[in-house]
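Input: one structure, supplied below.
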Amino acid sequence: MTHDGPADHVEQNRRFWDEEAAAWHGPLARDHWAQAEPSWGLWATPESQVSLLPDDLAGMRTIELGCGTAYVSAWLARAGAHPVGIDLSEKQLATARAMQAEFGIDFPLVLGNAEKVPYEDNTFGLAISEYGASLWCDPYQWIPEAARLLVPGGLLLFSRYSPLFALCVPPEGPASTTLCRGQFGLTRLDWGNHVEFVLPHGEMLRLLRGCGFVVEDLIEIQAPEPAQRDYAEVSADWARQWPSEEIWKARLAG
């Protein structure tokens, strides 16, 4: 399960987050950490609507792959889990540590690449990524790594942009009703100063199955009415008609 794309995305994305993106994500961290109920993705889809997290998180070792400011791990810690967060951005992790101090929630934060995690095989019961490794890492690297880290029967949860969004978003401006690129060969989106990854559904299914996962659910998210905001890359009106994002739930066989 490999492909022959270039491997320059790790350093490029590290620079993008440390030099640009962390500055506009940092101010959002406190609101995310303070949430009583988890909500997911661009449209803040509530956990009560998607039932993503397992009920039995108490005592479970979890890892957030591409944790950013680590608010997902904070939600897991409040539910009784023992989380670890890993991210390649020092500035994002600095914000995460400040939030840990402010909210009194402590767990390990690792500066590193979610494609090569410094933990032993079969360590975690849950691996999760909300627009972290799921968007910013090579899926042919991070998904096999998630499989390695999980115990048999462990759960992989991740949210990402939908393939339809990737097909309809131009080099500049929001997603439109025009196909801007082909689906065959869709893997890597180069945006000049950063790289994102979106596999079509068939490729993602084959990759997950090849790594030993059984897909339990694929939730295509519809923007709510009314939505709180539009985004530069997609409007709420577009995302009410077509899924701009999706959530995958897969379990490691065994």
Where E233 and F165 come nearest, the two heavy atoms and their spacing = O-CE1, 3.4 Å
Separation between CD1 of I247 and CD of E220, rounded to the nearest 0.5 Å = 11.0 Å
Nearest non-hydrogen partners of P163 and P200, listed with the distance = CG-CA, 3.9 Å
Cation-pi, F213 ring and R209 (6.0 angstrom, 45 degrees) = no
Quick one: closest heavy-atom pair of D87 and C67, and the distance?
-> OD2-N, 3.2 Å
side-chain hydrogen bond (donor to acceptor under 3.5 Å, both in side chains) assessment of W40 paired with E130 = CA-CA 7 Å; W40 307 103; E130 191 201 30; over 6 Å; no
Are S162 and E246 linked by a side-chain donor-acceptor pair shorter than 3.5 Å?
-> no
Between E47 and S51, does any side-chain donor sit less than 3.5 Å from a side-chain acceptor?
-> no
Side-chain donor/acceptor of D121 to backbone N/O of L149, under 3.5 Å | no
Does L42 offer a backbone N or O that forms a donor-acceptor pair with the side chain of Y231 under 3.5 Å?
-> yes
To the nearest 0.5 Å, what is the distance between CD (Q241) and CG (D237)?
-> 5.0 Å
Short question: side chain of T178, backbone of C180 - any donor-acceptor pair under 3.5 Å?
-> no
Under 3.5 Å side-chain donor-acceptor pair for E203 and Y140 = yes
Sequence neighbours excluded, the answer for side-chain contact (heavy atoms from CB on, under 4.5 Å) partners of S134 is S129, W142, F158, R160
Is a side-chain donor or acceptor of R240 paired with a backbone partner of P224 at a separation under 3.5 angstrom?
-> yes
Apart from V151 itself, its cluster of hydrophobic side chains linked below 4.5 Å comprises none
Check for a donor-acceptor pair, side chain of W24 on one end and backbone N or O of E20 on the other, with a separation under 3.5 Å.
-> yes
Side chain W248, main chain L156, donor-acceptor under 3.5 Å | no
Donor-acceptor pair, W242 side chain versus L164 backbone, under 3.5 Å?
-> no
Check: L155 main-chain N/O paired with R251 side-chain donor or acceptor under 3.5 Å | no
Exactly one candidate in N13, V10, D138 meets side-chain contact (heavy atoms from CB on, under 4.5 Å) with V195; the answer is N13
W191 and E196: side chain donor to acceptor below 3.5 Å = yes
Side chains of E245 and Y131: is there a donor and an acceptor less than 3.5 Å apart?
-> yes
R78 atom CZ: more than 12 heavy-atom contacts under 6.0 Å | yes
How about W33 and T69: does a side-chain donor come under 3.5 Å of a side-chain acceptor?
-> no
Considering non-hydrogen atoms only, spot the tightest contact between T123 and R61 and give its length.
-> CG2-NH1, 3.5 Å
More than 12 foreign heavy atoms under 6.0 Å from CD of E37: is that the case here?
-> yes
What closest approach, in Å, do E64 and S73 show between heavy atoms, and which atom pair accounts for it?
-> OE1-OG, 2.7 Å
Is a side-chain N or O of R14 found less than 3.5 angstrom from the main chain of E90, in a donor-acceptor match?
-> no
Around Q183, counting heavy atoms of other residues, nucleotides and ligands shown, do more than 12 lie under 6.0 Å from its CD?
-> no
To the nearest 0.5 Å, how far apart are NE2 in H9 and CG in L88?
-> 9.0 Å
Do side-chain atoms of K91 reach the backbone of A22 as a donor and acceptor pair under 3.5 angstrom?
-> no
At their closest point, which heavy atom of W43 faces which heavy atom of S244, and how far apart are they?
-> NE1-OG, 3.0 Å
